[in-house]
Amino acid sequence: MKKLTLLYILMILFSVAFTLPPYGSSGYEAFFTWKENRKLSWNDFQGKPNNNSSEVAMAASSVEFSYSTKNNQIEWTVTAKYYPRLSWSIKSLESDYILKHEQLHFDITELYTRLFRKQLKEKVHSAKDLAKLKSISNNILKKWTNEENNYDNETNHSVDIQKQRLWQLNIQERLDVLKDYSSK
């Protein structure tokens, strides 16, 4: 049985020069997956704040996928993960409003996890579709990165309250449309 695991991780960096440890470091060992009834709390921000940042917090999340093939069969999994030890906040500046902004970053991660699952279900049916799988993953990663950047740019990292509200509504609507592909 041939098994290949591909892992894509995007850390939400708020366009600051922040160096994360390489994948495989101990900060990645502790994680939890996105669940509809499990919202982030400030206890989920356990990393050391970046003193060179003008940001109040950073949520580190990833879309992780793996697949395996046997004969012509293919199996895959896609997971939205959150890394508490890599996520940080400036404790004295924490607020419910900022926490909702960070939650939406994780919700965007789940959105792209669902989009990824949907495309794989529709287009990847056998080991012969590996090129499609790789193309889909590259496309998802690119779109996810752009959306995360657009979110922070348009909301000015949550400063623009009206834009923040519009983003929350938009992401929730899109998650609802893809509910059949949600994380369990």
Side-chain angles (χ1 to χ4, degrees), residues 1-15 20-40 44 58-87 101-154 166-184:
M1 174 158 125
K2 179 181 175 188
K3 179 161 178 140
L4 179 58
T5 301
L6 295 176
L7 183 65
Y8 281 93
I9 297 177
L10 172 69
M11 298 302 154
I12 312 311
L13 300 178
F14 301 112
S15 70
L20 288 168
Y23 188 75
S25 300
S26 63
Y28 296 95
E29 291 172 1
F31 67 86
F32 57 85
T33 59
W34 190 97
K35 301 271 189 264
E36 187 169 357
N37 62 353
R38 194 331 184 161
K39 301 298 180 192
L40 295 177
D44 297 322
M58 187 207 63
S61 64
S62 70
V63 172
E64 178 181 308
F65 82 96
S66 63
Y67 70 89
S68 62
T69 60
K70 183 176 182 180
N71 301 323
N72 194 33
Q73 302 296 316
I74 188 165
E75 293 182 9
W76 48 263
T77 60
V78 184
T79 310
K81 290 185 174 181
Y82 180 87
Y83 302 93
R85 292 183 192 161
L86 300 176
S87 301
H101 177 83
E102 298 307 314
Q103 177 65 53
L104 200 63
H105 276 293
F106 195 26
D107 292 345
I108 293 170
T109 300
E110 171 64 11
L111 174 65
Y112 279 85
T113 297
R114 292 180 188 190
L115 287 167
F116 200 170
R117 287 181 187 134
K118 181 180 187 298
Q119 288 187 28
L120 290 177
K121 186 174 181 183
E122 292 172 350
K123 299 176 183 176
V124 177
H125 306 289
S126 72
K128 294 178 183 177
D129 295 328
L130 287 179
K132 289 180 190 175
L133 184 144
K134 292 174 184 175
S135 175
I136 291 167
S137 69
N138 290 335
N139 188 38
I140 289 290
L141 182 61
K142 182 186 284 186
K143 287 180 177 181
W144 178 37
T145 302
N146 289 338
E147 183 130 20
E148 290 286 1
N149 290 332
N150 288 340
Y151 171 49
D152 272 338
N153 289 336
E154 288 183 20
L166 291 173
W167 269 89
Q168 288 169 328
L169 293 171
N170 176 274
I171 297 301
Q172 187 58 57
E173 287 173 6
R174 292 163 64 199
L175 284 168
D176 290 345
V177 167
L178 294 167
K179 67 181 176 230
D180 292 342
Y181 302 94
S182 69
S183 295
K184 305 280 186 244

Exercise for the section: Show your working on side-chain contact (heavy atoms from CB on, under 4.5 Å) between Leu40 and Phe32 and close with a plain yes or no. Expected result: CA-CA 10 Å; Leu40 295 177; Phe32 57 85; 3.6 Å; yes
Practice task
Applying side chain to side chain donor-acceptor pair (under 3.5 Å) between Ser183 and each of Lys81, Arg114, Glu36, Glu110, report the one that passes.
Solution key: Glu110
Handout entry: Shortest non-hydrogen separation from Ser87 to Ala60 and the atoms involved
Key = OG-N, 2.8 Å
Practice task
Nearest 0.5 Å please: distance from the CD1 atom of Ile136 over to the NZ atom of Lys118.
Solution key: 10.5 Å
Exercise for the section: Could you tell me whether the side chain of Ile171 reaches within less than 4.5 Å of the side chain of Arg174, counting heavy atoms only? Expected result: yes
Problem - Side-chain donor or acceptor of Thr109 paired with backbone N/O of Val63 under 3.5 Å - result: no
Handout entry: N-O pairing of Lys143 and Glu147 below 4.0 Å
Key = no
Exercise for the section: Test side-chain contact (heavy atoms from CB on, under 4.5 Å) on Asp152 and His105 and set out the steps. Expected result: CA-CA 9 Å; Asp152 272 338; His105 276 293; 3.2 Å; yes
Fill in the blank from the handout: Between the CH2 atom in Trp76 and the OG1 atom in Thr69, the distance rounded to the nearest 0.5 Å is 15.5 Å
Problem - Residues that Glu154 engages under side chain to side chain contact (heavy atoms under 4.5 Å, CB included), provided they are two or more places apart - result: Asn150, Trp167
Handout entry: Shortest non-hydrogen contact between Pro84 and Ala30, atoms and distance
Key = CD-O, 3.5 Å
Fill in the blank from the handout: In terms of heavy-atom contacts, Trp144 and Ile108 come closest through CD1-CG2, 3.8 Å
Practice task
Starting at NZ of Lys123, measure out to CG of Leu133 and round the result to the nearest 0.5 Å.
Solution key: 12.0 Å
Exercise for the section: Indicate yes or no: at least one non-hydrogen side-chain atom of Ile140 is less than 4.5 angstrom from one of Val78. Expected result: no
Problem - Parallel, tilted or perpendicular, as decided by the 30° and 60° cut-offs, for the rings of His101 and Tyr151 - result: parallel
Exercise for the section: Go through the structure and list residues passing side chain to side chain contact (heavy atoms under 4.5 Å, CB included) with Ser135, not counting sequence neighbours. Expected result: none
Problem - Interatomic spacing from OG1 in Thr145 to OH in Tyr112 - rounded to 0.5 Å - result: 9.5 Å
Handout entry: Residues which pass side-chain hydrogen bond (donor to acceptor under 3.5 Å, both in side chains) with Ser126, listed by chain and number, not counting sequence neighbours
Key = none
Practice task
May I ask you to decide whether Asp44 forms a salt bridge with Arg38, counting only side-chain N to carboxylate O separations under 4.0 Å?
Solution key: yes
Handout entry: Lys39 NZ: over 12 foreign heavy atoms closer than 6.0 Å
Key = yes
Practice task
For Gln168, check side chain to side chain contact (heavy atoms under 4.5 Å, CB included) against everything at least two apart and list the hits.
Solution key: Lys100, Leu104, Gln164, Arg165
Problem - Residues forming a side-chain hydrogen bond (donor to acceptor under 3.5 Å, both in side chains) with Lys128, sequence neighbours excluded - result: none
Problem - Side-chain heavy-atom pair Asp129, Ile74 within 4.5 angstrom cut-off - result: no
Handout entry: Set of ring-ring contact (aromatic ring centres under 6.0 Å, His included) partners for Tyr181, sequence neighbours left out
Key = none
Problem - Atom pair CD/OH of Glu64 and Tyr28 - distance to nearest 0.5 Å - result: 11.5 Å
Exercise for the section: Mind listing the closest non-hydrogen atom pair of His125 and Glu122 along with its distance? Expected result: NE2-O, 2.9 Å
Problem - Student check: side-chain heavy atoms of Trp34 and Tyr82 closer than 4.5 Å - result: no
Exercise for the section: Without swapping roles, check the side chain of Glu75 against the backbone of Ser68 for a donor-acceptor pair under 3.5 Å. Expected result: no
